[in-house]
There are 2 protein chains.
Amino acid sequence: MSTRVESAAELWLTWKRAFEAVRAPIVADVTAGSDLSEPELSVLVTLFEAGGAARQNVLAAELGWDRTRLSHLLTRMEAREYVTRGKVTGGVEVALLTRGRDALDTSIPTLEDSARRHLLDALDPEDVRALRRIVRRLLTS
Amino acid sequence: MSTRVESAAELWLTWKRAFEAVRAPIVADVTAGSDLSEPELSVLVTLFEAGGAARQNVLAAELGWDRTRLSHLLTRMEAREYVTRGKVTGGVEVALLTRGRDALDTSIPTLEDSARRHLLDALDPEDVRALRRIVRRLLTS
DNA sequence: AAGCGAATGTTGACATGTCAACACGGGTCG
DNA sequence: CGACCCGTGTTGACATGTCAACATTCGCTT
(Lines give C-alpha, C1' and ligand atoms only; values in the text may rest on other atoms or scores of the structure.)
Protein backbone atom coordinates (compact mmCIF):
# COMPACT_ATOMS: atom_id res chain seq x y z
CA MET A 1 0.00 0.00 0.00
CA SER A 2 2.30 2.79 1.15
CA THR A 3 5.70 2.59 -0.42
CA ARG A 4 8.59 4.08 1.45
CA VAL A 5 11.36 5.99 -0.27
CA GLU A 6 14.48 4.11 0.63
CA SER A 7 18.11 4.96 0.97
CA ALA A 8 19.51 5.05 -2.55
CA ALA A 9 16.39 6.60 -4.01
CA GLU A 10 16.26 9.07 -1.17
CA LEU A 11 19.87 10.05 -1.79
CA TRP A 12 19.14 10.55 -5.46
CA LEU A 13 15.99 12.55 -4.86
CA THR A 14 17.56 14.90 -2.36
CA TRP A 15 20.58 15.33 -4.58
CA LYS A 16 18.30 16.19 -7.44
CA ARG A 17 16.47 18.67 -5.29
CA ALA A 18 19.68 20.35 -4.24
CA PHE A 19 20.94 20.42 -7.78
CA GLU A 20 17.78 22.05 -9.05
CA ALA A 21 17.90 24.51 -6.20
CA VAL A 22 21.34 25.59 -7.30
CA ARG A 23 20.61 25.45 -11.00
CA ALA A 24 17.56 27.66 -10.94
CA PRO A 25 19.22 30.88 -9.77
CA ILE A 26 22.29 30.28 -11.91
CA VAL A 27 20.19 29.81 -15.02
CA ALA A 28 18.22 32.90 -14.12
CA ASP A 29 21.39 34.95 -13.75
CA VAL A 30 22.96 33.73 -16.93
CA THR A 31 19.94 34.06 -19.16
CA ALA A 32 19.12 37.48 -17.76
CA GLY A 33 22.22 39.08 -19.17
CA SER A 34 22.65 37.51 -22.56
CA ASP A 35 20.35 36.23 -25.26
CA LEU A 36 21.66 32.70 -24.73
CA SER A 37 19.61 29.93 -23.22
CA GLU A 38 21.29 27.60 -20.76
CA PRO A 39 21.58 24.68 -23.21
CA GLU A 40 23.03 27.01 -25.80
CA LEU A 41 25.64 28.14 -23.33
CA SER A 42 26.47 24.53 -22.55
CA VAL A 43 27.07 23.89 -26.21
CA LEU A 44 29.30 26.91 -26.60
CA VAL A 45 31.31 26.09 -23.51
CA THR A 46 31.82 22.50 -24.55
CA LEU A 47 32.80 23.61 -27.99
CA PHE A 48 35.22 26.10 -26.54
CA GLU A 49 36.77 23.51 -24.25
CA ALA A 50 37.25 21.30 -27.26
CA GLY A 51 39.32 24.03 -28.86
CA GLY A 52 36.65 25.77 -30.89
CA ALA A 53 35.46 22.89 -33.00
CA ALA A 54 34.22 19.36 -32.46
CA ARG A 55 32.46 16.52 -34.15
CA GLN A 56 28.77 16.57 -33.49
CA ASN A 57 28.62 13.10 -31.98
CA VAL A 58 31.50 13.95 -29.64
CA LEU A 59 29.66 17.06 -28.59
CA ALA A 60 26.54 15.04 -27.93
CA ALA A 61 28.48 12.50 -25.87
CA GLU A 62 30.27 15.22 -23.96
CA LEU A 63 26.97 16.86 -23.10
CA GLY A 64 25.25 13.57 -22.43
CA TRP A 65 22.53 14.48 -24.90
CA ASP A 66 20.56 12.79 -27.58
CA ARG A 67 21.70 13.38 -31.18
CA THR A 68 18.29 14.72 -32.04
CA ARG A 69 18.26 17.33 -29.36
CA LEU A 70 21.66 18.59 -30.35
CA SER A 71 20.72 18.62 -34.01
CA HIS A 72 17.65 20.75 -33.44
CA LEU A 73 19.49 23.12 -31.15
CA LEU A 74 22.39 23.50 -33.57
CA THR A 75 19.99 24.30 -36.36
CA ARG A 76 18.70 27.21 -34.33
CA MET A 77 22.16 28.29 -33.27
CA GLU A 78 23.39 28.13 -36.82
CA ALA A 79 20.57 30.42 -37.86
CA ARG A 80 21.69 32.90 -35.23
CA GLU A 81 25.28 32.64 -36.44
CA TYR A 82 26.76 31.30 -33.23
CA VAL A 83 28.21 28.23 -34.94
CA THR A 84 28.62 26.56 -38.31
CA ARG A 85 28.37 22.99 -39.39
CA GLY A 86 30.67 21.48 -41.98
CA LYS A 87 30.60 18.02 -43.47
CA VAL A 88 33.58 15.89 -42.55
CA THR A 89 34.45 12.30 -43.26
CA GLY A 90 32.27 10.28 -40.98
CA GLY A 91 29.96 13.04 -39.88
CA VAL A 92 29.66 16.71 -39.17
CA GLU A 93 32.00 19.11 -37.45
CA VAL A 94 30.70 22.10 -35.56
CA ALA A 95 32.77 25.23 -35.16
CA LEU A 96 32.42 28.38 -33.08
CA LEU A 97 31.80 31.61 -34.96
CA THR A 98 32.69 35.08 -33.77
CA ARG A 99 29.23 35.74 -32.49
CA GLY A 100 29.50 32.56 -30.47
CA ARG A 101 32.83 33.58 -28.96
CA ASP A 102 31.43 36.99 -28.14
CA ALA A 103 28.43 35.46 -26.45
CA LEU A 104 30.77 33.28 -24.42
CA ASP A 105 32.89 36.25 -23.42
CA THR A 106 29.79 37.97 -22.18
CA SER A 107 28.26 35.01 -20.39
CA ILE A 108 31.23 33.36 -18.72
CA PRO A 109 31.94 36.13 -16.21
CA THR A 110 28.28 36.15 -15.26
CA LEU A 111 28.34 32.40 -14.89
CA GLU A 112 31.52 32.53 -12.83
CA ASP A 113 30.03 35.10 -10.53
CA SER A 114 26.72 33.32 -10.18
CA ALA A 115 28.29 29.92 -9.61
CA ARG A 116 30.50 31.37 -6.93
CA ARG A 117 27.62 32.96 -5.12
CA HIS A 118 25.20 30.07 -5.38
CA LEU A 119 27.52 27.12 -5.17
CA LEU A 120 31.07 27.82 -4.04
CA ASP A 121 30.19 30.26 -1.30
CA ALA A 122 27.56 27.92 0.07
CA LEU A 123 30.19 25.27 0.70
CA ASP A 124 33.32 25.19 2.78
CA PRO A 125 36.65 24.13 1.29
CA GLU A 126 36.28 20.58 2.51
CA ASP A 127 32.91 20.24 0.82
CA VAL A 128 34.35 21.57 -2.39
CA ARG A 129 37.13 19.03 -2.31
CA ALA A 130 34.66 16.26 -1.63
CA LEU A 131 32.38 17.44 -4.41
CA ARG A 132 35.21 17.48 -6.89
CA ARG A 133 36.15 13.97 -5.88
CA ILE A 134 32.57 12.77 -6.19
CA VAL A 135 32.17 14.35 -9.59
CA ARG A 136 35.36 12.80 -10.85
CA ARG A 137 34.31 9.42 -9.58
CA LEU A 138 30.87 9.61 -11.14
CA LEU A 139 32.21 10.72 -14.48
CA THR A 140 34.65 7.85 -14.73
CA SER A 141 32.38 5.07 -13.57
CA MET B 1 39.07 37.29 -26.94
CA SER B 2 39.33 33.80 -25.51
CA THR B 3 37.55 33.50 -22.23
CA ARG B 4 38.71 30.90 -19.76
CA VAL B 5 36.34 28.91 -17.65
CA GLU B 6 37.31 29.67 -14.11
CA SER B 7 37.02 27.91 -10.82
CA ALA B 8 33.45 28.39 -9.66
CA ALA B 9 32.03 28.06 -13.16
CA GLU B 10 34.18 25.03 -13.78
CA LEU B 11 32.97 23.42 -10.58
CA TRP B 12 29.40 24.08 -11.57
CA LEU B 13 29.83 22.79 -15.10
CA THR B 14 31.51 19.57 -14.08
CA TRP B 15 28.96 19.03 -11.36
CA LYS B 16 26.22 19.50 -13.91
CA ARG B 17 27.88 17.05 -16.23
CA ALA B 18 28.16 14.43 -13.51
CA PHE B 19 24.59 14.98 -12.48
CA GLU B 20 23.33 14.54 -16.02
CA ALA B 21 25.47 11.47 -16.39
CA VAL B 22 23.76 9.94 -13.40
CA ARG B 23 20.32 11.20 -14.24
CA ALA B 24 20.17 9.84 -17.76
CA PRO B 25 20.36 6.13 -16.93
CA ILE B 26 18.11 6.51 -13.90
CA VAL B 27 15.45 8.26 -15.94
CA ALA B 28 15.79 5.60 -18.60
CA ASP B 29 15.33 2.83 -16.05
CA VAL B 30 12.39 4.42 -14.35
CA THR B 31 10.48 5.41 -17.47
CA ALA B 32 11.11 2.04 -19.07
CA GLY B 33 9.04 0.15 -16.55
CA SER B 34 6.08 2.39 -15.90
CA ASP B 35 4.07 4.84 -17.92
CA LEU B 36 5.25 7.69 -15.72
CA SER B 37 7.60 10.38 -16.93
CA GLU B 38 10.31 11.54 -14.58
CA PRO B 39 8.62 14.85 -13.70
CA GLU B 40 5.42 13.00 -13.02
CA LEU B 41 7.23 10.68 -10.66
CA SER B 42 8.75 13.69 -8.89
CA VAL B 43 5.30 15.08 -8.34
CA LEU B 44 3.96 11.82 -6.98
CA VAL B 45 6.92 11.34 -4.68
CA THR B 46 6.69 14.85 -3.33
CA LEU B 47 3.00 14.45 -2.83
CA PHE B 48 3.56 11.17 -1.06
CA GLU B 49 6.19 12.65 1.21
CA ALA B 50 3.74 15.39 2.07
CA GLY B 51 1.32 12.75 3.31
CA GLY B 52 -0.75 12.29 0.18
CA ALA B 53 -1.99 15.81 -0.34
CA ALA B 54 -0.51 19.26 -0.59
CA ARG B 55 -1.26 22.78 -1.65
CA GLN B 56 -0.22 23.40 -5.20
CA ASN B 57 2.07 26.31 -4.37
CA VAL B 58 3.80 24.25 -1.69
CA LEU B 59 4.30 21.49 -4.19
CA ALA B 60 5.78 23.93 -6.66
CA ALA B 61 8.13 25.34 -4.04
CA GLU B 62 9.15 21.89 -2.91
CA LEU B 63 9.96 20.91 -6.46
CA GLY B 64 11.59 24.24 -7.25
CA TRP B 65 9.29 24.62 -10.21
CA ASP B 66 7.32 27.37 -11.83
CA ARG B 67 3.58 27.50 -11.06
CA THR B 68 2.82 27.24 -14.74
CA ARG B 69 4.78 24.10 -15.29
CA LEU B 70 3.14 22.37 -12.39
CA SER B 71 -0.28 23.52 -13.50
CA HIS B 72 0.12 22.09 -16.97
CA LEU B 73 1.55 18.85 -15.68
CA LEU B 74 -1.20 18.44 -13.10
CA THR B 75 -3.80 18.97 -15.77
CA ARG B 76 -2.38 16.03 -17.67
CA MET B 77 -1.98 13.92 -14.55
CA GLU B 78 -5.51 14.69 -13.50
CA ALA B 79 -6.75 13.49 -16.87
CA ARG B 80 -4.92 10.23 -16.29
CA GLU B 81 -6.44 9.94 -12.81
CA TYR B 82 -3.20 10.01 -10.87
CA VAL B 83 -4.28 13.00 -8.78
CA THR B 84 -7.20 15.32 -8.12
CA ARG B 85 -7.38 19.01 -7.53
CA GLY B 86 -9.78 20.56 -5.06
CA LYS B 87 -10.40 24.22 -4.32
CA VAL B 88 -9.36 25.30 -0.87
CA THR B 89 -9.36 28.65 0.84
CA GLY B 90 -6.47 30.50 -0.68
CA GLY B 91 -5.71 28.11 -3.51
CA VAL B 92 -5.84 24.53 -4.67
CA GLU B 93 -5.01 21.30 -2.94
CA VAL B 94 -3.73 18.31 -4.85
CA ALA B 95 -4.30 14.78 -3.63
CA LEU B 96 -3.01 11.38 -4.66
CA LEU B 97 -5.51 8.99 -6.18
CA THR B 98 -5.28 5.22 -6.15
CA ARG B 99 -3.80 5.09 -9.59
CA GLY B 100 -1.12 7.48 -8.41
CA ARG B 101 -0.29 5.36 -5.40
CA ASP B 102 -0.16 2.27 -7.56
CA ALA B 103 2.19 3.96 -9.99
CA LEU B 104 4.40 4.94 -7.07
CA ASP B 105 4.41 1.41 -5.72
CA THR B 106 5.55 0.19 -9.10
CA SER B 107 8.15 2.86 -9.72
CA ILE B 108 9.82 3.27 -6.36
CA PRO B 109 11.50 -0.14 -6.27
CA THR B 110 12.82 0.46 -9.77
CA LEU B 111 14.07 3.86 -8.72
CA GLU B 112 15.67 2.45 -5.61
CA ASP B 113 17.46 -0.19 -7.61
CA SER B 114 18.57 2.17 -10.33
CA ALA B 115 19.76 4.82 -7.92
CA ARG B 116 21.74 2.25 -6.03
CA ARG B 117 23.44 0.98 -9.14
CA HIS B 118 24.15 4.33 -10.75
CA LEU B 119 24.79 6.49 -7.72
CA LEU B 120 25.32 4.67 -4.45
CA ASP B 121 27.48 1.88 -5.80
CA ALA B 122 29.66 4.35 -7.68
CA LEU B 123 30.61 6.05 -4.43
CA ASP B 124 32.28 4.84 -1.30
CA PRO B 125 30.73 5.44 2.13
CA GLU B 126 32.82 8.51 2.73
CA ASP B 127 31.64 10.08 -0.51
CA VAL B 128 28.07 9.32 0.40
CA ARG B 129 28.45 11.00 3.75
CA ALA B 130 30.03 14.02 2.08
CA LEU B 131 27.31 14.18 -0.54
CA ARG B 132 24.60 14.09 2.07
CA ARG B 133 26.31 16.90 3.94
CA ILE B 134 26.67 18.95 0.78
CA VAL B 135 23.06 18.44 -0.18
CA ARG B 136 21.87 19.44 3.25
CA ARG B 137 24.01 22.54 3.18
CA LEU B 138 22.84 23.58 -0.27
CA LEU B 139 19.20 23.10 0.57
CA THR B 140 19.36 25.28 3.67
CA SER B 141 21.38 28.13 2.22
C1' DA C 1 33.30 -3.99 -56.92
C1' DA C 2 28.61 -5.15 -54.47
C1' DG C 3 26.14 -5.81 -50.56
C1' DC C 4 25.43 -5.29 -45.82
C1' DG C 5 25.44 -3.36 -41.21
C1' DA C 6 26.52 0.06 -37.87
C1' DA C 7 27.14 4.81 -36.81
C1' DT C 8 25.80 9.49 -37.72
C1' DG C 9 22.54 13.19 -38.62
C1' DT C 10 18.12 15.03 -40.10
C1' DT C 11 13.25 15.43 -40.19
C1' DG C 12 8.42 15.88 -38.69
C1' DA C 13 4.94 14.82 -35.32
C1' DC C 14 4.10 15.13 -30.87
C1' DA C 15 5.08 15.96 -25.65
C1' DT C 16 6.69 19.08 -22.51
C1' DG C 17 8.31 23.59 -20.61
C1' DT C 18 8.36 28.73 -20.61
C1' DC C 19 6.58 33.27 -20.82
C1' DA C 20 3.29 36.94 -20.53
C1' DA C 21 -1.30 37.98 -19.89
C1' DC C 22 -5.34 37.23 -17.52
C1' DA C 23 -8.78 35.76 -13.67
C1' DC C 24 -9.93 35.03 -9.08
C1' DG C 25 -9.96 35.52 -4.05
C1' DG C 26 -8.56 37.03 0.17
C1' DG C 27 -6.42 40.73 3.19
C1' DT C 28 -5.95 45.56 4.36
C1' DC C 29 -6.68 50.25 4.70
C1' DG C 30 -9.17 54.51 3.42
C1' DC D 1 -18.39 49.16 2.49
C1' DG D 2 -15.23 49.69 -1.61
C1' DA D 3 -10.92 50.19 -3.79
C1' DC D 4 -6.76 48.46 -4.06
C1' DC D 5 -2.78 44.98 -3.67
C1' DC D 6 -0.78 40.61 -3.61
C1' DG D 7 -0.56 35.73 -3.81
C1' DT D 8 -2.32 31.94 -6.47
C1' DG D 9 -3.59 29.44 -10.37
C1' DT D 10 -4.97 29.07 -15.43
C1' DT D 11 -4.63 29.87 -20.24
C1' DG D 12 -2.73 30.19 -24.95
C1' DA D 13 1.14 31.13 -27.88
C1' DC D 14 5.48 29.90 -28.54
C1' DA D 15 10.20 27.55 -27.54
C1' DT D 16 12.33 23.43 -26.64
C1' DG D 17 12.88 18.33 -26.09
C1' DT D 18 11.67 13.49 -27.36
C1' DC D 19 10.61 9.74 -30.27
C1' DA D 20 10.40 7.02 -34.39
C1' DA D 21 11.32 6.93 -39.11
C1' DC D 22 14.32 7.96 -42.65
C1' DA D 23 18.73 9.32 -45.32
C1' DT D 24 23.66 9.07 -45.82
C1' DT D 25 28.13 7.42 -45.34
C1' DC D 26 31.78 4.57 -43.92
C1' DG D 27 33.80 0.08 -42.98
C1' DC D 28 33.63 -4.78 -43.48
C1' DT D 29 32.94 -8.93 -45.83
C1' DT D 30 32.52 -11.67 -49.85
Side-chain angles (χ1 to χ4, degrees), chain A residues 16 19-20 23-44 46-47 50 53-80 82-95, chain B residues 16 19-20 23-44 46-47 50 53-80 82-95:
Chain A
K16 189 170 64 153
F19 180 81
E20 300 294 353
R23 162 186 266 166
I26 292 184
V27 170
D29 285 350
V30 168
T31 56
S34 70
D35 48 353
L36 283 178
S37 71
E38 195 229 1
E40 286 170 338
L41 180 58
S42 297
V43 167
L44 293 182
T46 309
L47 213 42
R55 276 285 308 278
Q56 200 165 316
N57 61 345
V58 174
L59 214 49
E62 207 78 34
L63 290 160
W65 290 358
D66 186 75
R67 311 175 234 142
T68 309
R69 179 180 179 188
L70 184 59
S71 181
H72 280 303
L73 184 53
L74 285 178
T75 302
R76 290 172 232 139
M77 293 179 74
E78 214 177 2
R80 295 200 225 161
Y82 288 128
V83 297
T84 341
R85 280 191 274 201
K87 278 173 191 163
V88 155
T89 51
V92 172
E93 191 166 65
V94 189
Chain B
K16 188 170 63 156
F19 179 81
E20 300 294 353
R23 160 187 267 167
I26 293 184
V27 171
D29 285 349
V30 167
T31 58
S34 71
D35 48 352
L36 281 178
S37 72
E38 194 228 2
E40 287 169 337
L41 180 58
S42 298
V43 167
L44 293 183
T46 309
L47 214 42
R55 274 286 308 277
Q56 199 164 316
N57 62 344
V58 173
L59 214 47
E62 208 78 33
L63 290 160
W65 290 359
D66 185 75
R67 308 173 241 146
T68 308
R69 180 181 178 188
L70 184 59
S71 181
H72 280 304
L73 184 53
L74 285 179
T75 301
R76 291 172 235 140
M77 293 180 73
E78 213 177 2
R80 294 202 226 160
Y82 289 128
V83 298
T84 341
R85 282 191 271 201
K87 278 171 192 165
V88 155
T89 50
V92 172
E93 191 166 64
V94 190

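Letters go in sequence order (proteins before strands), and every chain restarts at 1.
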Any salt bridge linking B/K16 with A/E20? Criterion: basic side-chain nitrogen under 4.0 Å from a carboxylate oxygen.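 Judged by the 4.0 Å cut-off on N to carboxylate O distance, B/K16 and A/E20 do not form a salt bridge.
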
So, are A/R76 and A/E40 salt-bridged, with charged N and O less than 4.0 Å apart?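 Salt bridge between A/R76 and A/E40, a charged N being under 4.0 Å from a carboxylate O: no.
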
Whole Å only: how far is the CG atom of A/L59 from the P atom of C/dT8?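 Interatomic distance, CG of A/L59 to P of C/dT8: 13 Å.
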
Of all nucleotides in DNA chain D with an atom under 4.0 Å from a non-hydrogen atom of chain A, which is the first and which the last going 5' to 3'?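 Reading along DNA chain D, I get D/dT16 to D/dC26.
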
More 5' along DNA chain D: A/T89 or B/G91, using each one's nearest nucleotide?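 With A/T89 and B/G91 compared, the 5'-side residue is B/G91.
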
Minimal non-hydrogen separation, A/L47 against A/A95, with atom names: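 Answer, listing the atom of A/L47 first, then A/A95: CD2-C, 4.2 Å.
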
Where do A/Q56 and A/L70 come nearest, in terms of heavy atoms and distance?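 Looking at all heavy atoms of both residues, the shortest contact is O-CD2, 3.3 Å.
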
Just wondering, do A/N57 and A/V92 contact through their side chains at under 4.5 Å, heavy atoms?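 No - every pair of side-chain heavy atoms lies 4.5 Å or more apart.
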
Test item: A/L36 and A/V30 side chains (from C-beta on) under 4.5 Å apart, heavy atoms: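 In short, these two side chains do not touch, never coming nearer than 4.5 Å.
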
Short side-chain to backbone donor-acceptor contact, B/S71 and B/R67, under 3.5 Å: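 Not at all, since once roles are kept as given, no pair shorter than 3.5 Å links the two residues.
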
So, the side chain of A/E78 versus the backbone of A/R85: is there a donor-acceptor pair under 3.5 Å, distance only?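 At least one qualifying donor-acceptor pair exists.
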
If you pin B/S37 and A/T31 to their nearest nucleotides in DNA chain C, which one's is more 5'?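 Nearest nucleotide further toward 5': that of B/S37.
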
Interface with DNA chain D, restricted to residues 62-76 of chain A and to heavy atoms under 4.0 Å: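 Correct list: A/T68, A/R69, A/H72, A/R76.
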
